[in-house]
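Since the structure comes first, as structure tokens, the remarks are kept for the end.
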Amino acid sequence: MKLNSVNVSFALASLAGSALAGAVYTLDDNIVGEDFYSSFNFEAIPDPTDGRVTYVNQSTAQMLNLTYATSDTFIMRADDTTVLTSTGPGRNSVRIRSNNQYTQHVVVFDMPHMPEGCGTWPAVWETNEANWPDGGEVDIVEGVNNVEPNQSTLHTSPNCTMPANITQLGTPVETDCDTAVDGNAGCGVQLTEDYNSFGPGFNSIGGGWYAMERTDSYIAVWFWERDDASAPSDATSGASTIDTSLWGTPAAYFPNTDCDLASHFDANNIIINLTFCGDWAGNAAVYAASGCPSDCVTYVDSNPTAFTNAYFQFSSINIYT
């Protein structure tokens with residue numbers, strides 16, 4: 001990490017703080033229950049992160065009960081019954097991508113549950129797959145192997161970094177967003193202010209709300225627990241208009257101080273997926289450090305019932321523009 005002088009750090013922190021002005025947005029898309037089937041497409045593709053997974057199409061997902069919708073709930077999960085062979089395909093799971101693309105916007109996810117379990121790698125994120133990494137990537141919810149807390153991260157083309165001192169609740173892990181640097185670690189922020197932001201901790205409290213605001217001046221991520229009395233009512237109620245200036249300091253904040261966000265991010269889709277092992281969760285050192293048993297692929301192949309709680313549950317996704 002490149003350290004700035006005290007004066008420069010203070011100036012950058014002040015700049016970052018002043019950028020948290022927020023704005024008023026109007027509801028554009030309200031996705032609830034069966035709407036997920038018409039608002040997203042199922043990507044039955046090889047996993048770009050080399051996971052021990054087989055992404056299935058919509059008809060297969062519904063036939064295998066890997067997705068389920070009611071009037072107010074959408075669930076997507078992985079297979080939890082099949083013992084896999086080492087030479088066969090990976091564990092069946094689901095990856096969905098929004099039909100619509102978004103530039104400057106706010107998205108609010110009402111999530112009562114997210115996947116948990118050793119070997120799991122769930123993610124809620126945005127990108128343009130056809131123009132990655134030049135079109136940018138925002139990871140809103142991401143983590144592996146039940147290790148808390150959540151990490152929110154940007155991945156970009158070169159010449160996009162974050163200042164060392166930013167007004168945010170979380171803790172920066174890296175400051176260079178370039179995918180060619182440090183094995184595509186990106187510029188991540190761990191939500192250390194709330195370890196219930198990911199995995200078993202998240203599920204134990206009935207989840208909560210994740211929100212992401214993207215502008216040309218900054219990208220911000222917030223998390224509020226289900227019973228957080230300070231959670232803004234416009235975000236949690238799915239109001240027709242929202243005012244992000246009233247939402248307080250974000251968990252993760254990415255200003256355009258040293259990154260021209262307008263040129264590093266184009267119109268992105270929302271993607272939600274659950275993979276297993278792969279480049280991050282299956283990294284030998286990462287997996288061992290998580291305290292999980294055996295090795296990642298062997299564990300995922302041999303223990304289907306370990307993934308009974310490996311599912312996303314959404315009450316709604318609201319997109320504001």
Side-chain angles (χ1 to χ4, degrees), residues 25-44 55-81 92-102 105-117 120 122-126 140-141 150 196-200 202-213 222-229 231-242 247 268-274 307-321:
Y25 296 81
T26 301
L27 184 64
D28 192 46
D29 288 324
N30 169 235
I31 304 171
V32 178
E34 295 279 353
D35 297 337
F36 277 78
Y37 291 120
S38 56
S39 299
F40 286 85
N41 62 83
F42 285 61
E43 295 192 289
Y55 288 127
V56 301
N57 60 28
Q58 179 177 330
S59 60
T60 302
Q62 290 180 280
M63 179 185 67
L64 297 176
N65 201 33
L66 299 185
T67 59
Y68 176 76
T70 67
S71 61
D72 59 1
T73 297
F74 179 75
I75 290 174
M76 52 181 282
R77 65 186 187 90
D79 167 76
D80 65 346
T81 62
N92 285 342
S93 187
V94 178
R95 175 183 170 117
I96 60 175
R97 182 186 67 193
S98 65
N99 296 325
N100 292 336
Q101 292 186 317
Y102 305 95
H105 69 291
V106 175
V107 56
V108 181
F109 302 89
D110 184 345
M111 295 172 54
H113 194 279
M114 69 170 66
E116 64 175 81
T120 59
V124 178
W125 51 300
E126 294 190 357
I140 303 163
V141 178
N150 181 63
N196 287 332
S197 58
F198 186 78
F202 179 92
N203 297 332
S204 71
I205 60 168
W209 295 268
Y210 268 98
M212 189 274 289
E213 179 182 16
W222 290 265
F223 169 64
W224 304 286
E225 293 188 6
R226 182 69 55 193
D227 295 328
D228 185 350
S233 60
D234 53 357
T236 61
S237 67
S240 58
T241 60
I242 57 171
W247 287 7
N268 283 355
N269 301 88
I270 299 168
I271 299 177
I272 305 167
N273 69 278
L274 169 60
F307 306 112
T308 299
N309 286 320
Y311 67 90
F312 283 105
Q313 179 180 355
F314 292 93
S315 295
S316 65
I317 300 177
N318 291 319
I319 300 101
Y320 297 83
T321 55

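Just so you know, these numbers use all the heavy atoms, side chains as well, and skip hydrogens, waters and symmetry mates.
A search for side-chain hydrogen bond (donor to acceptor under 3.5 Å, both in side chains) contacts involving Glu213 returns Tyr25, Tyr218, Thr244, not counting sequence neighbours. Shown here are the side-chain hydrogen bond (donor to acceptor under 3.5 Å, both in side chains) partners of Asn273, two or more places apart in sequence or in another chain: Tyr55, Trp125. With sequence neighbours excluded, no residue forms a salt bridge (Lys or Arg N to Asp or Glu O under 4.0 Å) with Asp29. Under the side-chain hydrogen bond (donor to acceptor under 3.5 Å, both in side chains) criterion, Asn196 pairs with Glu225, not counting sequence neighbours. Partners of Ser98 by side chain to side chain contact (heavy atoms under 4.5 Å, CB included), not counting sequence neighbours, listed by chain and number: Phe40, Tyr102, Asn269, Ile270. By the side-chain hydrogen bond (donor to acceptor under 3.5 Å, both in side chains) test, Ser237 is found to be paired with no residue, residues two or more places apart in sequence or in another chain being considered. By the ring pair (Phe, Tyr, Trp, His ring centres under 6.0 Å) test, Tyr210 is found to be paired with Phe223, residues two or more places apart in sequence or in another chain being considered. In this structure Ala235 satisfies the side chain to side chain contact (heavy atoms under 4.5 Å, CB included) test together with Trp224, Pro232, Trp247, sequence neighbours excluded. With sequence neighbours excluded, the residues forming a side chain to side chain contact (heavy atoms under 4.5 Å, CB included) with Asn203 are His113, Met114, Glu116, listed by chain and number. Taking Phe307 as the reference, Phe276 meet the ring pair (Phe, Tyr, Trp, His ring centres under 6.0 Å) condition, with sequence neighbours excluded.
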What pairs of donor and acceptor atoms, side-chain ones from residues 69-78 against any protein atom, are under 3.5 angstrom apart with sequence neighbours left out?
residue	atom	partner	partner atom	Å
Thr70	OG1	Asp72	N	3.3
Thr70	OG1	Asp72	OD1	3.0
Thr70	OG1	Thr73	N	3.1
Arg77	NE	Asn65	O	2.8
Arg77	NH1	Asp80	OD1	3.4
Arg77	NH2	Asn65	O	3.1

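Minimum heavy-atom separation, Ile317 to Phe36: CD1-CE2, 3.6 Å. Minimum heavy-atom separation, Leu66 to Ser93: CD1-N, 4.3 Å. Here the shortest heavy-atom pairing between Arg226 and Gly206 reads NE-O, 2.9 Å. When all heavy atoms of Ala61 and Phe42 are compared, the pair lying nearest together is CB-CE2, 3.8 Å. Heavy atoms only, all atoms of each residue included: Asn150 and Phe198 are closest at N-CB, 3.3 Å.
The salt bridge (charged side-chain N to carboxylate O under 4.0 Å, His left out) contacts involving residues 34-43 comprise Glu43-Arg95, Glu43-Arg97, where partners must be two or more places apart or lie in separate chains.
Taking the side chain as every heavy atom from C-beta outward, Val94 and Phe312 never approach each other to under 4.5 Å. Looking at Val56 and Gln62, their side chains never come closer than 4.5 Å, going by heavy atoms from C-beta outward.
Within 6.0 Å of OH on Tyr68 lie no more than 12 heavy atoms contributed by other residues, nucleotides or ligands.
Taking OG of Ser315 as the reference point, atom CZ of Phe109 lies at 13.5 Å (rounded to 0.5 Å). One distance of note links OG of Ser233 with CD1 of Ile242; it measures 11.5 Å at 0.5 Å rounding. With values rounded to the nearest 0.5 angstrom, Asn318 atom CG is found 12.0 Å from His105 atom NE2. Distance check, rounded to the nearest 0.5 Å: CG of Asn99 to OG of Ser38 gives 7.5 Å. A distance of 8.0 Å separates OH of Tyr320 from OG1 of Thr241, quoted to the nearest 0.5 Å. Atoms CD1 and CD1, on Ile271 and Ile140 in that order, are 10.5 Å from each other to the nearest 0.5 Å.
Using modelled atom types and a 3.5 Å distance limit, the side chains of Thr26 and Asp28 yield no donor-acceptor pair.
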